[in-house]
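One structure is given below, encoded as C-alpha cells.
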Amino acid sequence: MGRHAGAWSAVALLAVSTVGHAQEAQPFRLQEATIESVHRAFAAGRLTCTQLTRLYLARIEAYNLRGPALRAVLTVNPRALEAAAEMDRAYAANPASAAPLHCVPIVLKDNFNTADMPTTAGNVSMKSSRPKADAFTVGKIRQAGALVLAKTNLQEFARGGLSISSLGGQVLNPYDLTRTPGGSSGGTGAAVAANLALIGTGSDTGQSIRSPSSANNLVGIRPTRGLVSRSGVIPNSQTQDEVGPLARTVRDAALLLDVMAGYDPADPITAFGKGRSPKSYTEQLRSDALKGARIGVLTNLSGREDRHREVNAVMQRAIATMEQLGATAVPLALTEYDTLSSQVVTSDYEARTVMDRYFAALPSDAPVKSFAQLVAAKTSAVQATLEQEIAVVDGMNSQAYKDRMLNRDRLRLAVAKFMADNNLDAVLYPHQRILVVPAGSQDQFERNGTLSNSTGYPAVTFPAGFSAPTQTAPLGVPVGAELLGPDYSEARLLAFAYAFEQAAKPRKPPMSAPPLPNEP
C-alpha cells in the first residue's frame, strides 16, 4: 500500500459516511466520472469494479478503432476483467482496506514499462517488447490499487507533439477530428478526454504531458525535477524527462500525483524530492485559493498576430475570472526567455546514451536490444529524428552541451529572480499560442513548454476554455492555460487551478464519444 493509502482510506470512508442524503442518492454516471464518484458508488453498493471495467472496455471498443477512430489505445490489458474481479472480492471482504486508487481504471502511455504487457513506444519493431519489471511509478500506481486498463498511443518514442506512431497511426483529437491531440502523450490525452478511462499517465521531455492536456480540455502536471521517478520509462533525455498525471479534474490529477511522487534509488535525482511532498496534494484545494494571489501574466509568451486571436481571447477571459476570484494579474515580460529559450534543449546530446542504457536493461529475447539496431530497422515514424540522435557521439562531453547546461541554469535563475523581484506566487501563460494543429501538420507549433522543461520548475496546465465552435469542432477547440512556480510549488499551483475550475467550470466532454446505449 502506498504512503498515503491508509490515510486516504480513512478520508474516503469519512466522506462516504458524512455525504448528504441527496448526494448519496445520486445515480452513478460514467461520463466525467471522478475518483470520488467511483468510490462513492462502490461504497453505496451501486457499482462494482467489474461493472466499471466493462463500461470503459465497451467505450474503447466503440470509439478507439470504430466510430471517430481516435486511435488512442494501443493495447488493452487482457487481464483487466480478471483483475477487476479480484478487486471486487477483496473489497467485499474488507471495504475499509481499500487503497487510495482502488479500482481506478488508468491508461499508461506506452513508454511506461509494464511487465505484463508490451512496452512499445509506438514502434512496430517493438510490438512484442516486454520489460522485466514495471516502471517504478507503475509499481506505485498498482500498489495504490489502480486497475491498469490499457497502454496508449503516442508520438513514437515521445519524439514530438503530433502523436503519430508506426504501430498505432495518428491519434485524433476528440474535440475536432481534423486536428491532432497534442503530444507526445496524445493517446492518454484523447482517451481520458473521451472517457475511455478515468485518469492517465504521460511523460514530458519538452511539453508532452501539458500539450495534450491543453488540447484535450484536461489537467496535466509536469512536476518539479526530482519529485517523480523516471526509471522504467523509455527515455529521451536524462535532464529534461519528467513523468506525471493527466486527468479531467484538478482533484484527480492531485490524487494521482500523491501516488506517483516519491524517492527511487534507481533515479538518483529523486533524492532532491525526498520529504518534499505534502501529506496530500489535495490539501490546499479550495474555491477561494486565488484570493490574494499575485500572478504574473507573461506577455511575451502570447502571440500578437491574427492566428493568435482565439487563444488570446480565451486567456483574457480566464485572467478576468481569476481577478474576480481575488487574484492580482500583473502583465510582465520575462525577457530572458526570448534570449535563452532556443539554447537550452539538451535531449539531442543525451538521447543516444539514455536509449542505449534502456535497451541494455531489456531481457535477452527482446526484439530490439540496442539503439543502433532500432535505427537500422528503419521502421520508425520518427526515423529522421532517431538518425539525428544516433549521429551525436559523446554528446554530453561536447562544448555545445555544456553551454546549454549553463543556459538552463541562467534561465532558471532568471525566473527565480523575476518572481522574487515582482513578488509573484506564480506565472501564467497559454500553453500553446495557437490552436492545436491539424492532423497532417509537420510539427506542433508555438508551444511554451520550454519554460518548465528548461528550468526544472513545476507547471500545471488546466482547461481555460474553448475557441469559437466550428463545423468540425462543435464545442470549439480546447485552450489550456499554464501556471508555473518555484520548486515543489505543485500544491499551490493546483490550488490556483482548482479555484479557477470551480468558478469557470471549463470542462466539457467531447461530442464525438457520447454515452453508449445502457451506459449509466
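In this text, all values refer to a predicted model and were calculated from it rather than measured experimentally. Scope of the values below: all heavy atoms of this structure, side chains included, with no hydrogens, waters or symmetry mates.
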Nearest heavy atoms of Arg447 and Gly160, plus distance in Å: NH2-C, 4.4 Å
Distance-only polar pair, side chains of Lys109 and Ser203, donor-acceptor under 3.5 Å: yes
Geometric class of the His102/Tyr91 ring pair [parallel <30°, tilted 30-60°, perpendicular >60°]: parallel
Side-chain donor/acceptor of Arg507 to backbone N/O of Asn217, under 3.5 Å: yes
Ion pair check, Arg40 and Glu36, cut-off under 4.0 Å: yes
Asp204: partners by side-chain hydrogen bond (donor to acceptor under 3.5 Å, both in side chains), with sequence neighbours left out: Arg210, Arg222
Any side-chain donor near an acceptor of the partner, Thr152 and Asp110, under 3.5 Å: no
Test item: side-chain donor near acceptor, Thr50 and Thr48, under 3.5 Å: no
Reported CZ-to-OG distance for the pair Arg159 and Ser165, which is rounded to 0.5 angstrom: 14.0 Å
Heavy atoms from other residues, nucleotides or ligands near CZ of Phe272 exceed 12 (cutoff 6.0 Å): no
CG on Leu255 to NE2 on His39, rounded to 0.5 Å: 9.0 Å
Any side-chain donor near an acceptor of the partner, Glu156 and Ser380, under 3.5 Å: yes
Pair Glu490, Thr224: side-chain N/O donor-acceptor within cut-off below 3.5 Å: yes
Distance-only side-chain donor-acceptor flag, Gln388 / Asp348, under 3.5 Å: yes
Tyr358 and Asn111: side chain donor to acceptor below 3.5 Å: no
Ser125 side chain to Thr379 side chain, donor-acceptor N/O pair below 3.5 angstrom: yes
Modelled atom types, side-chain donor and acceptor of Asp264 and Ser229, under 3.5 Å: yes
Residue pairs passing the side chain to side chain donor-acceptor pair (under 3.5 Å) test where at least one lies in residues 126-137, sequence neighbours excluded: Asp134-Arg142
Short side-chain donor-acceptor distance under 3.5 Å, Gln432 and Gln444: yes
